[in-house]
Amino acid sequence: MKETTFKSLKNLSTDHLLASGTAICAGCGGLEAVKIMYDILGKNTVFVNSAGCMTLLSVYPFTPFQGSWLYTAMACAPAGAQGIRDALDVLLNKGRIQPEEDLKVVVLSGDGSSYGMALSATSAAMDRNLDFFYLCYDNEGYGNTGHQSSPATPHAARTATNSGPFGYPGYKKDLFAIWTAHKPAYAATIIGSEPLDLARKVEKAMSLKGPKMFIALAPCPTGWHFDPRETVEIGKLAVKTGIWPLKEYLDGKVIHTKPPRRRIPVEEYLKKQGRFAHLFSPQRDTKQLEEIQARIDEYWAEAI
Amino acid sequence: MTRRLLTGNAAAAWGARLAEVDYVPAFPITPQTEIIETIAHWMDQGEMAGRFTTLESEHSMITAAGSAAATGTRVFTATSSQGLLYGMEMLYTVAGWRAPFVLMNVSRGLSSPITLEPDHNDILAARDSGFLQIHCATCQEVLDSVLLAFRLAEDDSVRLPVIVNQDGFYLSYTREPVEIPDIEEVRKFLPAFDPENTQFRAGEPRSQGVAVLGGAFYSYFRYEMHLACLNTLSVFDSIAQDFADHFGRKYGILETYQMDDAEFCFVMAGSFATKAKNAVDLLRDAGWKIGLVRPRLIRPFPADALCRALTGIHGVAVIDQNLSMGKGGILYTELASALYSSNSNSPLLVSYIGGLGGRDITREEFFKMARETRHAVETGKVPLPRLLYTEDELRQMRKLQTIAHAPWG
Amino acid sequence: MYRIRFHGRGGQGMKTASRILGTAFFLEGFEVQDAQRYGAERRGAPIFAYVRASREPIKERGIIQRPDLVIVADDTLLLIDAPGVLKGMTPQSVLLLNSEEEPKMWKDRLNFSGAVFALPDVQDLKEPTEQLHIGTVCAAAGARFVGVISQKTLKQAIQDELDILGNQIVEENLEQALRVYDLMEAYAGKIKPSSEPAVADYPDPAWIEMPYEDARISAPAIHAAATSLKNPTGLWRTLRPVIDYDRCHRCSSICSTFCPENAISVNENGYPQIDYQHCKGCLLCMEQCPHHAIESSLEHTKTLESDKGDEI
């Protein structure tokens, strides 16, 4: 694989493609990831969006895209991508469009869709070895409806449907593992607060044919209850505490692309977010905090 | 042109083949499966140029159909019953994209209880989606309607997807002689699809299917769909005439049979209407002035054409092969609303529900419906809506219930 | 119009029979409708197909109410589903059977007022090593009975319908079909197109008002266990597994464990017993028995009849 063009932040484009003026919340960590990714993919793309926060990227007559977009529904954005890819292939094969008119097809989907309702459609798209990009912006809840618990919600987080003293009783589903069980061409976890890591991964994926799957942890000021100015800081803490391991899957192997050299305690990440406030006051919930830390420790003990 | 025996399913596949569709997203379901198997076979053999993709559900299949149409290709797909309902969210959604394509529905009763044989509750559940609906009565009409459907769907004044409906078993698995038009003639009737501004291409930024906030804006888009759907009524005849000029078969928005001097008639949709024709023949032999009106288009609803066709008719037996729970027959309801707002001297309507889940409608039942309708006209007393169901059928039901409710062992 | 119905078992080629005869009519210039009645049935289960042919466009649809000719590929069906086979038949209808029994026996036994004929011995129609193509044989017999289908047309129809199966199979089918067509020459034209009765000749349908019944009765729920035992699926069987108890080692489990139908029980002495009322004749038990203590024999009407049990 050729060397990356993204050696430092200076190599990232400053001429950004995604236009401002959308209805997305201020400080959205998901939009940050979409924007950086879009710069690398370029405007010869068609985004196929499922129901979620990003539905509101294009509200008639306003769109932030320099390329194209199709809004589908919550369960079926990968099927929409299939239809477009197939159609473009047919048009190319029949000579009705020229290769330079071709588009990259990109699914844009939240965690509510990706981890749940659209999992079957996503699995099937990978079964068919669909040549597409998939970006899941994972804000760990049904964000667009007011942040109810989703299958991506982390243990103990308070949500609109788990507002009790213990928060969400379940554990965040390992979607990366589910995806890689399909042996896609490429899969990676990313985050907007680590733009170089993100850029290198997208760059690498662009040289591959087949499903190229991305999960971006998307710090969400609205749903996680923190000040929008802290989105990047919280994102960096997610990586430094090891709760969001940055990794990629290629040729059957998983590699951690940015393992924290010295992991800092997960508390530093949790206490910045209102959704975990009940773990710290009125009194410290040592048991839950220890369990969350232990799970992270266990992950890294196995991973390295 | 060749004439050969084809099932309704094979006729549907031929329609797609002659329309030279680019893309066929598919998912198997009885009694439709033979259509997609036939097309897949042709594509494998290189007899059809295009792409066939099996999706993992009808919801995804209709999404892929819509998105491929929105990319600017000619698309055909097919489903039945539970599949149509599983994809229902996307029927409404893709219709709103205003990207034309053709979906063949092979009618089959809906669960629960689940069954295999036909009635029209599946297709009629989609009647408010924005898809046009063409209902077929013969295998020939299935093939021809696919070609007509592409012309209608792609017409500038319409630009909506179309569902062509055929009845499971009674057409899907039944062979009849079907004329297969020559491809050169079809190309003249149905030129290559020009998607105009409904397509995705590099260098042509386009956002489709976008959200809208505000009821007035929303109302605009939705009502435009309604108007486009209604436009079908005015373009249908000229497209059908063009079809007749090329292939010699003339289709109206309605099929009328023996209506010239009729005093009574049956109104019904789908393949069972040919049974009604048979009953009309026999009744005419017995001195009746009776005919049949069969709406070919159900969406848009041909209200004016029906009112004209029923002018001067004394009594109409409306036979619904569907049941709207808590209301009754859908065709009856819609016909009544059309007549109520017309200025003509409306005929008296008698409502019958029959043929649910493929239950046959016998000749003697057509005769009895005719007699009851005449009696209603003579006495001015309209009978309550009736389910066609006999004493013997209930007796058979009782036998099953004895088993279902008795301890066994 | 000619109205012809074929009865057979899943796997015997009744759809093929209706298609060959349908195509033959079509090639002779008739309007045609042919179809198989599909259901949830599987291999071995009773199944039927039908053909309508007329010089005029056909407006009838679905199952044939009053058949002119009913051809039965397997006389055991008359034990399973005699009412279905005879449905709608009138004194003018003709019943043509593949049976070793005399037509007279069946006529009396079924109390059928129309004519009954039998196919010639079908085993004689084929070479000893060949498979019998009973569906094609029935179609050829039907073609002979209507008398309006030439030998040339019949051949063409068989070729058209079976082409996909390859030359050798087509040849076998042709030979068997033409043999029966020749042997039955005397029956040419036995079936004439029938006209439809006038309106006055039909009975009034006995419609009822559907009574309201509460959900405890009217939901599609079965409030009982193992009611499927009421279905005598043993009548699907064309081959019969027979246990040779002299060779049975009473292992007590192999045949009984593998039988998918739960049709082999083990008695108190450890011997397996086949429930012929439900055994579908898959012969999986015969394949699996380590001591070769299970053999198969052709099923006959007589043995089947004793296994029939209570039909619904």
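Values in this document were obtained by computation on a predicted structure and should not be read as measured data. To find a chain, count down the sequence lines: A is the first, B the second, and so on, and within it residues start at 1.
Note that CG of L70(A) and CD of Q208(B) are 6.0 Å apart. Values are rounded to the nearest 0.5 Å. Going from atom OG1 of T122(A) over to atom CE of M126(A) covers 6.0 Å, rounded to the nearest 0.5 Å. The CD1 atom of I39(B) lies 11.5 Å from the CH2 atom of W14(B); values are rounded to the nearest 0.5 Å. In this structure, the separation between NZ on K201(A) and OG1 on T4(A) is 12.0 Å, given to the nearest 0.5 Å.
Within residues 75-108 of chain A, the residues having any heavy atom less than 4.5 Å from a heavy atom of chain B are, in residue-number order, A75(A), C76(A), A79(A), G80(A), Q82(A), G83(A), I84(A), D86(A), A87(A), L88(A), D89(A), V90(A), L91(A), N93(A), K94(A), R96(A), I97(A), E100(A), E101(A), D102(A), L103(A). Inspection of non-hydrogen atoms places N44(A), V46(A) of residues 25-48 of chain A under 4.5 Å from chain B.
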Should T159(A) and Y142(A) be marked as a side-chain hydrogen bond (donor to acceptor under 3.5 Å, both in side chains) after you check the CA-CA gap, both sets of side-chain angles, and the distance that decides it? CA-CA 9 Å; T159(A) 68; Y142(A) 295 114; over 6 Å; no

For W97(B) and T72(A), run side-chain contact (heavy atoms from CB on, under 4.5 Å): C-alpha distance rounded to whole Å, both residues' side-chain angles, the deciding distance at 0.1 Å, then the answer. CA-CA 10 Å; W97(B) 297 350; T72(A) 56; 4.0 Å; yes

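The residues K172(A) and E140(A) are annotated as salt-bridged, a charged nitrogen and a carboxylate oxygen being separated by less than 4.0 angstrom. With respect to the salt-bridge test (charged N to carboxylate O, under 4.0 angstrom), the residues R159(B) and E196(B) qualify.
When heavy atoms are compared at a cutoff of 4.5 Å, A192(B) does not approach chain A at all. Both the backbone and the side chain of F200(B) have a heavy atom closer than 4.5 Å to some heavy atom of chain A. Contact of S57(B) with chain A is not made at all, since no heavy-atom distance falls under 4.5 Å. At a 4.5 Å heavy-atom cutoff, the contact between F221(B) and chain A is made by side-chain atoms alone.
For the pair D122(B)/N105(B), a side-chain contact is recorded, criterion being any heavy-atom separation below 4.5 Å from C-beta on. You'll find the side chain of T22(A) stays beyond 4.5 Å of the side chain of L56(A), heavy atoms only.
Less than 6.0 angstrom separates the ring centroid of F131(B) from the ring centroid of F101(B). The aromatic ring centroids of Y249(A) and W179(A) lie 6.0 Å or more from each other.
The candidate from A211(B), A49(B), A65(B) with the greatest count of non-hydrogen atom pairs under 4.5 Å with chain A is A211(B). Of the listed residues V212(B), T93(B), V75(B), L55(B), the one with more heavy-atom pairs under 4.5 angstrom with chain A than any other is L55(B). By number of non-hydrogen pairs under 4.5 angstrom with chain B, the leading residue of A118(A), P61(A), A121(A), A124(A) is A121(A).
When L135(A), D138(A), D111(A) are each tested for a side-chain contact (heavy atoms from CB on, under 4.5 Å) with I215(A), only one passes: D138(A).
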